[in-house]
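Just so it is clear: chains get the letters A, B, ... in the order the sequence lines come, proteins before strands, and each one is counted from 1.
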There are 2 protein chains.
Amino acid sequence: MPEMKLDRINLRILEELQKNARITNQDLAERVNLSPSACLSRMRRLEEEGLIGRYLAEVAIDRIASTLKAFVEITLENHRQADFRRFDQAIARQPEVVASYKVSGRFDYLLMVVVPDMNRLRQLSDELIEAEIGIAKFVTVPIIEQTKLFDGYPLREMIAGAGG
Amino acid sequence: MPEMKLDRINLRILEELQKNARITNQDLAERVNLSPSACLSRMRRLEEEGLIGRYLAEVAIDRIASTLKAFVEITLENHRQADFRRFDQAIARQPEVVASYKVSGRFDYLLMVVVPDMNRLRQLSDELIEAEIGIAKFVTVPIIEQTKLFDGYPLREMIAGAGG
DNA sequence: CCTGAAATCCACTATTG
DNA sequence: CAATAGTGGATTTCAGG
């Protein structure tokens, strides 16, 4: 099991960093009632153990260029390991596909794509289908508006709700 | 139009921050060939103009607790403004719903939910349906694996691809 | 909008409890 | 493990072009 016990202080450190990755160590230490040195060593430890992965800045892409975001439901023709691997590798090379999820249900993958407009989305769809990476079906679900922004995982609920 | 022209340097600043929000100003300045003070004032300006929103740390939630992530397709019973608003407000209060997208297609919303297990997801589904917030249909699409991680928007492609 | 210097603040490292 | 204190280095401000 790749799970690790967290004490209350580490939990609060993760909560703070989730919402403000550029907080200074001093401010963070103050918020969690720790000395800066103790806080820093905890933070480093959380990084080393992989509990904190990357630090990302949110860019307001739609203030830079006009943007079409969409989900794309993908069904593959075949479902051997090699088919999934080929698809994943092709997707990794497409910068406009910003995230890819293997799912269970009416289709095999749900992609999130970000493109300038519908023309480019159609073009991307053509490219992927003709790339011979085993796509049987390609269904576009345009995003009208993101009505709730990702604001960190519900850490407390996950810990309280889990058996272990 | 809420779009803003970016010079090459600001573009590179955004690219760097997208991938590493905790880069020091000195390192950032070096990478974009600017003095630290010039780099800092550009960064502050990008923040003030809202081109950089929040800074987020990625927490490895599945190393902390066992985790079920899923998409949920929601269809509403009615489609007046007030119906959407009521739904959005209810969703805002649910920490396990980490993101919500209003979409165009076979359903009205696509949610991303993060819960400890399928039991809690069923419970959440029951709660939402019985909350009388106008949900007509609720379809769960469990995530097996995220095969491409969000790694920033394709800034260059968006700028090159757009007309303006 | 930049550079460069000066001042302030912070990260990081002993050291000690 | 945590606190305290010290130092090197980074951030930030400001004068000047």
Side-chain angles (χ1 to χ4, degrees), chain A residues 1-61 63-65 152 155-156 159-160 164, chain B residues 1-60 63-65 152 155-156 158-160 164:
Chain A
M1 245 184 292
E3 300 177 22
M4 182 214 178
K5 279 258 163 60
L6 280 185
D7 64 14
R8 189 181 261 91
I9 293 177
N10 278 345
L11 178 61
R12 286 176 63 194
I13 290 175
L14 292 180
E15 285 180 333
E16 290 294 336
L17 287 173
Q18 266 197 142
K19 312 232 165 183
N20 178 12
R22 277 187 78 92
I23 190 173
T24 65
N25 181 57
Q26 288 206 345
D27 285 355
L28 182 58
E30 206 171 297
R31 287 188 193 208
V32 305
N33 291 313
L34 229 53
S35 69
S37 66
C39 185
L40 185 65
S41 66
R42 276 171 177 266
M43 184 174 150
R44 292 286 174 253
R45 189 128 190 280
L46 290 168
E47 289 174 353
E48 279 159 22
E49 284 171 352
L51 293 202
I52 303 171
R54 305 169 302 168
Y55 297 97
L56 307 176
E58 218 178 58
V59 170
I61 180 69
R63 294 204 190 183
I64 295 172
L155 301 185
R156 283 167 198 280
I159 290 167
Chain B
M1 247 185 290
E3 301 177 21
M4 181 212 179
K5 277 258 165 58
L6 281 185
D7 65 14
R8 190 180 261 92
I9 293 178
N10 279 345
L11 178 61
R12 287 176 63 195
I13 290 175
L14 292 179
E15 286 180 332
E16 291 293 336
L17 287 173
Q18 267 198 142
K19 312 234 164 183
N20 179 12
R22 277 186 79 91
I23 190 173
T24 66
N25 183 56
Q26 286 209 344
D27 285 354
L28 182 58
E30 205 172 296
R31 288 188 192 206
V32 304
N33 291 312
L34 232 53
S35 69
S37 65
C39 185
L40 184 67
S41 68
R42 276 171 177 265
M43 184 173 151
R44 292 283 175 255
R45 191 132 188 280
L46 290 168
E47 289 172 354
E48 279 160 21
E49 284 171 353
L51 294 201
I52 302 171
R54 306 168 301 167
Y55 297 98
L56 307 176
E58 218 179 58
V59 170
R63 294 203 190 185
I64 295 171
L155 301 185
R156 282 169 200 279
M158 293 301 292
I159 290 168

Search all heavy atoms of [X] against all heavy atoms of [Y] and return the closest pair with its distance.
X	Y	value
G50(A)	A60(B)	O-CB, 3.3 Å
C39(B)	V32(B)	SG-CG2, 4.3 Å
R63(B)	E49(A)	NH1-O, 3.1 Å

When the distance from [atom1] of [X] to [atom2] of [N] is rounded to whole Å, what number comes out?
X	N	atom1	atom2	answer
I9(A)	dC1(D)	CD1	P	11 Å
L6(B)	dC1(C)	CG	P	12 Å
D7(B)	dC2(C)	CG	P	8 Å

Check your understanding: Do NZ/NE/NH1/NH2 and the carboxylate oxygens of E48(A) and R45(A) come within less than 4.0 Å?
Key ->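 So E48(A) does not pair with R45(A) through a salt bridge.
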Check your understanding: Under a 4.0 Å N-O cut-off, is there an ion pair linking E47(B) with R44(B)?
Key ->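 The answer is yes: the pair qualifies as a salt bridge.
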Review point. How does protein reach along nucleotides 3-17 of chain C, written 5' to 3' as B (base within reach of a heavy atom under 4.0 Å), S (only sugar-phosphate), or - (no contact)?
Key: BB-----SSBB----
Contacts under 3.5 angstrom, residues 16-25 of chain A side chains, donor-acceptor by atom type, not counting sequence neighbours:
from	atom 1	to	atom 2	distance (Å)
E16(A)	OE1	R31(A)	NH1	3.1
Q18(A)	OE1	Y153(A)	N	2.7
Q18(A)	NE2	Y153(A)	O	3.3
K19(A)	NZ	D151(A)	O	3.4
K19(A)	NZ	D151(A)	OD2	3.2
N20(A)	OD1	R22(A)	N	3.1
N20(A)	OD1	I23(A)	N	3.4
R22(A)	NH1	A21(B)	O	2.6
R22(A)	NH1	I23(B)	O	3.2
T24(A)	OG1	D27(A)	N	3.2
N25(A)	OD1	L40(A)	N	3.4
N25(A)	ND2	P36(A)	O	3.0

Review point. Are any of R42(A)'s side-chain N or O atoms less than 4.0 Å away from OP1 or OP2 of dA2(D)?
Key: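 For dA2(D), OP1/OP2 do have a side-chain N/O of R42(A) under 4.0 Å.
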